[in-house]
There are 2 protein chains.
Amino acid sequence: MKITFNCGVIVKRAKKKAFSDFIAQKGLKSTRQRDIILDFFLSSAQHMSLEELYLKLRAKHPGIGYATVYRTLKLFAESGIAREIQFGDGQTRYEQVSEGEHHDHLVCTRCGAIAEFENETIEKLQDEVAAAYGFLIETHKLELYGLCAKCRK
Amino acid sequence: MKITFNCGVIVKRAKKKAFSDFIAQKGLKSTRQRDIILDFFLSSAQHMSLEELYLKLRAKHPGIGYATVYRTLKLFAESGIAREIQFGDGQTRYEQVSEGEHHDHLVCTRCGAIAEFENETIEKLQDEVAAAYGFLIETHKLELYGLCAKCRK
DNA sequence: GTTTATGCAAAATATTTGCACCAGA
DNA sequence: TCTGGTGCAAATATTTTGCATAAAC
């Protein structure tokens, strides 16, 4: 049994630290926009599309451009604090990545609700499959599509 | 141990039958283009993108339009003989669906090679996860990304 | 003859880039 | 000051649609 204890504030701080380290190490600059976007991203719902993020951000910070949000999210992904995901609806979404943790998704095809889950046994089996094919796994993606409990009624 | 015995010609014939039944049942028309595209699709490599399919098809049958291929592949998916897949490279790909069979993918991030696999235990575990969340699964997608045996060397 | 399909071109989406100006180090 | 960042608009890339003509039924 795995016990995870996440204090929101601490996790957020750790990610900010991780990103600023990344920025420094790459010789990039810390800017007002990046701070705003990072703060907003870390405080937002998971799995927002770039579009959604931009619009919500824009409501509070009118001066920010789409390209900046776009490039900044790419940076987040590159730095390892975020990940791009595609649910096949033609929109790239972003989710936060927590150190050493990986989760997969249940996507409701009716209401769009997204639940996250983790299953170590499945991960192990994936490794076995990969080994059988001589593959070296870097990442994986597992998504279950269907009706959520609410929409089944 | 599951033994699968597929005779290419028979499978192909079965899919053509399935598609023509679908066409008939929907009150649509059987056309020269649909026949050509279907035949080509069933004889081609798996996981081709729409673009690839169109270009290769076009080489032999210059008169065929992109929109026709696009709409026809959608029809294949709707009829159940094909499935759309996204590997996150911004291109929609299509693969053949064989009755009662489901497979997942190993995608090489270096050379783009795609291997297919099937693992009943993983599927069972997925059902358990879904049940725990009250989800009713319709489909799922499992992709393992990494280096294939060749590219590891 | 009707109805649906096709092919083209245009529209709609989404993502990415060029560039003049701005800001952080 | 120098280097990288920002915002805008334009360029790409891809998917989708409108419509006149052609082909099935």
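Everything numeric here is computed off the predicted structure, so don't read it as measured data. Chain letters run A, B, ... following the sequence lines, proteins first, then strands; residues in each count from 1.
Using a 4.5 Å heavy-atom cutoff, the side chains of B:Q86 and A:K141 are not in contact. Side-chain contact check for A:F40 versus A:M48: some heavy-atom pair is nearer than 4.5 Å. Looking only at side-chain heavy atoms (C-beta outward), B:K12 and B:D39 come within less than 4.5 Å of each other.
For the residue pair B:H47/B:E116, the side-chain donor-acceptor check at 3.5 Å is satisfied. In this model, no donor atom of one side chain and acceptor atom of the other lie less than 3.5 Å apart for B:Q33 and B:T72.
What separates CD of A:Q91 from C1' of D:dT14 is a distance of 14 Å, to the nearest Å. If you measure from atom CZ of B:F19 to atom P of C:dA5, you get 10 Å, rounded to the nearest angstrom. In this entry the distance linking CZ of B:R32 with C1' of D:dA23 reads 10 Å, nearest Å. In this structure, CD of A:E84 is placed 15 Å from P of C:dA14, rounded to the nearest angstrom. Atom P of nucleotide C:dT15 and atom CD1 of A:I85 are separated by 13 Å, given to the nearest angstrom. The nearest whole Å value for the distance from the CD atom in B:Q86 to the C1' atom in D:dT15 is 11 Å. Rounded to whole Å, the distance from CD on A:Q25 to C1' on C:dA25 is 17 Å. Atom CZ of B:R58 and atom C1' of C:dT6 are 12 Å apart (whole Å).
Looking at residues 33-57 of chain B, you'll see that no heavy atom sits under 4.0 Å from any atom of DNA chain D. Interface residues of residues 64-81 of chain A facing DNA chain D, ordered by number: A:I64, A:G65, A:A67, A:T68, A:R71; criterion, heavy-atom separation under 4.0 Å.
In terms of modelled atom types and a separation under 3.5 Å, the side chain of A:R152 and the main chain of B:G134 share a donor-acceptor contact. A donor-acceptor pair under 3.5 Å is formed between the side chain of B:Q96 and the backbone N or O of B:L42.
Taking the ring centroids of A:Y94 and A:F76, they lie at or beyond the 6.0 Å cut-off.
Partners of B:H103 by ring-ring contact (aromatic ring centres under 6.0 Å, His included), not counting sequence neighbours, listed by chain and number: B:H105.
For D:dT6, one of the phosphate oxygens OP1 or OP2 lies less than 4.0 angstrom from a side-chain nitrogen or oxygen of A:T31.
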